[in-house]
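In what follows, a single structure is set out as structure tokens and then discussed.
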Amino acid sequence: MSTIEVRFSPLTAHVRTARLVALSVARRARIEEEQLDEVRLAVGETCSRAVGVHISRGVDDPITMRLSDERDHFTIEVINTGTLADDPTAAMDLVEASSRALAEGALDSDSMPAGFGLAVVSGLVEDLFVTSDGGRTTVRMSWPMASALPDLAEPTAS
Amino acid sequence: MSTIEVRFSPLTAHVRTARLVALSVARRARIEEEQLDEVRLAVGETCSRAVGVHISRGVDDPITMRLSDERDHFTIEVINTGTLADDPTAAMDLVEASSRALAEGALDSDSMPAGFGLAVVSGLVEDLFVTSDGGRTTVRMSWPMASALPDLAEPTAS
Amino acid sequence: MVVHWKLHRDGPMEEDVDPDLSVSIRSEGDRTVVAVSGEIDVYTAPKLREHLIDLVANGQYQLIVDLEAVDFLDSTGLGVLVGGLKRVRSHDGSLHLVCSQDRILKIFRITGLTKVFPIHSNIDEALAAGADS
Amino acid sequence: MVVHWKLHRDGPMEEDVDPDLSVSIRSEGDRTVVAVSGEIDVYTAPKLREHLIDLVANGQYQLIVDLEAVDFLDSTGLGVLVGGLKRVRSHDGSLHLVCSQDRILKIFRITGLTKVFPIHSNIDEALAAGADS
Ligand SMILES: Nc1ncnc2c1ncn2[C@@H]1O[C@H](COP(=O)(O)OP(=O)(O)O)[C@@H](O)[C@H]1O
Ligand SMILES: Nc1ncnc2c1ncn2[C@@H]1O[C@H](COP(=O)(O)OP(=O)(O)O)[C@@H](O)[C@H]1O
């Protein structure tokens with residue numbers, strides 16, 4: 001198994017770097033082309049959510065994104081400080097939430113309802129787990145790999 | 001100060017990801033365009049050296065690349081397991097070493113002499129420190145930033 | 001925000017160039033075309049929001065946001081577009097989108113926003129459709 | 001390594017396409033042109049080395065390595081080129097380079113390898129120069 005981990009200060013600019021890394025590593029892990037957009041969006045949503053949580057709670061700790069390949073799966077975990085109050089996997093109707101965002105809410109609010117980002121991810125990614133304990137929340141997403149990873153598994157440098 | 005840290009298993013494929021991250025973060029840190037090539041090459045040399053050291057010694061620990069901005073400097077540290085025997089900052093004549101590589105050495109050896117990669121880096125990067133203790137070696141490189149970092153220092157997400 | 005008001009009627013009224021997110025604004029009759037390029041995410045969305053707020057503050061309520069050169073859009077970006085729609089609607093205005101890229105259309109589809117925004121596959125179609133369509 | 005020996009005399013003899021490093025090999029008279037694109041580093045250098053070894057094993061000793069489409073080259077890559085030069089020299093052959101990019105030329109300059117490799121700014125110049133120049 002090969003792992004690459006990115007830890008970044010809670011700044012929105014770093015979410016772009018996290019996406020770039022995830023996209024590059026996922027491509028190298030032979031994730032299918034059409035799923036790469038899914039990886040990119042899922043990482044973007046989970047990392048921006050994590051950064052938002054740290055910023056809004058005044059937490060300076062880094063956010064961790066961990067990418068790993070294990071047998072036939074490519075896994076991304078995004079870990080932030082803070083425990084989730086509600087069960088984020090509780091189904092949110094995205095269509096209903098969108099029209100609610102449009103109908104309700106202050107005119108100067110440009111945010112989708114709380115939980116919307118994670119709901120988008122759970123709509124995209126089949127293999128999704130959110131765990132929250134010990135003061136940390138982990139969003140874990142997996143994708144099947146087209147084949148084993150000769151690229152990442154080469155035994156020696158030369 | 002903002003930090004982004006990448007830890008990766010000692011595989012040569014990950015050196016490409018490390019370069020990609022360093023280039024992207026350095027660009028965002030407003031490192032001048034002509035110095036970006038320098039950053040890319042310096043990160044490539046130090047990370048591939050670090051990966052080579054882990055592989056040749058059979059060490060599975062990850063290599064760490066840490067990028068940070070502090071006031072007017074952008075700093076990259078590459079940390080690997082293992083202590084350096086010789087002083088790598090001892091000047092190597094690159095031109096002499098190159099012709100030696102060509103003249104001597106087995107016909108089936110395609111490597112430049114030991115220490116060549118770090119010597120290239122010390123020829124490129126003015127602000128370079130190598131420290132080796134406690135079982136780890138750290139190569140630390142800094143570049144001046146064109147200006148302070150409004151991008152990386154934004155106080156709130158929105 | 002750097003604003004260049006150009007003298008030429010056919011050039012962009014405003015050009016905000018940035019490797020992360022560029023925004024170019026021009027008039028087409030009574031419509032205002034906001035051409036965006038780059039990635040619209042948590043980092044750049046505030047900038048797009050500012051541009052939309054400025055336009056509405058300047059009395060421009062018939063907007064077309066051209067997303068053809070956008071290669072990433074997340075829920076924060078959607079929030080800004082929904083916010084823009086709310087603002088122009090409060091002035092009886094409209095916000096049309098130009099987007100033919102499947103990767104971008106996907107997030108509009110799964111969130112039901114394809115029913116909320118008139119989405120056109122090119123700028124001519126958006127202009128031809130009229131603001132009220 | 002997949003090798004396609006093509007029948008057409010003017011097409012590449014061998015085409016090894018890969019997003020990380022592509023290598024395309026063709027004959028030009030008595031010279032062999034190895035056109036490389038991508039990044040030559042610790043990860044991809046072994047592949048380039050294999051191609052150079054294969055060529056020498058097949059009796060091709062007058063090589064031109066075209067680096068115009070290479071956007072990164074580090075000391076591991078230099079090592080492979082130096083190794084290639086050693087191999088062809090042991091058969092009285094030559095290894096010329098095509099490179100006009102400053103970012104790539106820089107590492108040849110600081111290592112003094114500009115004096116070791118004949119470096120041309122385009123392929124026609126390399127062909128015109130002759131293998132022994
Ligand atoms: N990854 C996370 N880790 C910890 N708390 C989270 C995470 N994502 C969301 N939350 C919290 O869950 C609540 C609802 O979440 P969510 O909508 O996902 O965030 P937001 O309200 O910023 O859009 C908020 O209080 C938020 O702070
Ligand atoms: N970053 C490093 N950390 C620890 N040891 C190193 C590092 N770089 C090189 N070394 C060791 O120093 C010696 C000479 O180094 P060097 O030439 O830089 O590596 P190599 O021989 O792989 O080209 C080798 O024994 C190598 O293992």
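A, B, ... follow the sequence lines: proteins, then strands. Residue 1 opens every chain.
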Residues of residues 113-121 of chain C with any heavy atom under 4.5 Å of a heavy atom in chain A: Leu113(C), Val116(C)
Full working for side chain to side chain donor-acceptor pair (under 3.5 Å) between Glu5(A) and Thr64(A): CA-CA 7 Å; Glu5(A) 198 175 286; Thr64(A) 299; 4.9 Å; no
Qualifying residue for side chain to side chain donor-acceptor pair (under 3.5 Å) with Thr32(C), from Arg26(C), Gln60(C), Glu14(C), Gln62(C): Gln60(C)
Heavy-atom contact with chain A under 4.5 Å, split by part of Thr111(C): both
Do you know which two heavy atoms are closest between Arg16(A) and Ile40(C), and how far apart they sit? NH2-N, 4.5 Å
In terms of heavy-atom proximity below 4.5 Å to chain A, should Leu81(C) be classed as side chain, backbone, both, or neither? neither
Salt bridge (Lys or Arg N to Asp or Glu O under 4.0 Å) test vs Lys47(C) passes for just one of Asp16(C), Asp41(C), Asp20(C), namely Asp16(C)
So if I take each residue of residues 93-106 of chain C and look for any heavy atom under 4.5 Å from a heavy atom in chain A, which residues do I end up with? Arg103(C), Lys106(C)
Under the criterion salt bridge (charged side-chain N to carboxylate O under 4.0 Å, His left out), I'd like the reasoning laid out for Asp74(C) against Arg49(A): C-alpha separation, chi angles, the key distance, then a yes or no. CA-CA 11 Å; Asp74(C) 67 6; Arg49(A) 189 58 35 104; over 6 Å; no
With only heavy atoms counted, which part of Glu34(A) is less than 4.5 Å from chain C, the side chain, the backbone, both or neither? neither
Under 4.5 Å between any side-chain heavy atoms of Phe129(A) and Thr138(A), yes or no? no
Tell me, side chain or backbone of Arg19(A) under 4.5 Å from chain C's heavy atoms, or both, or neither? side chain
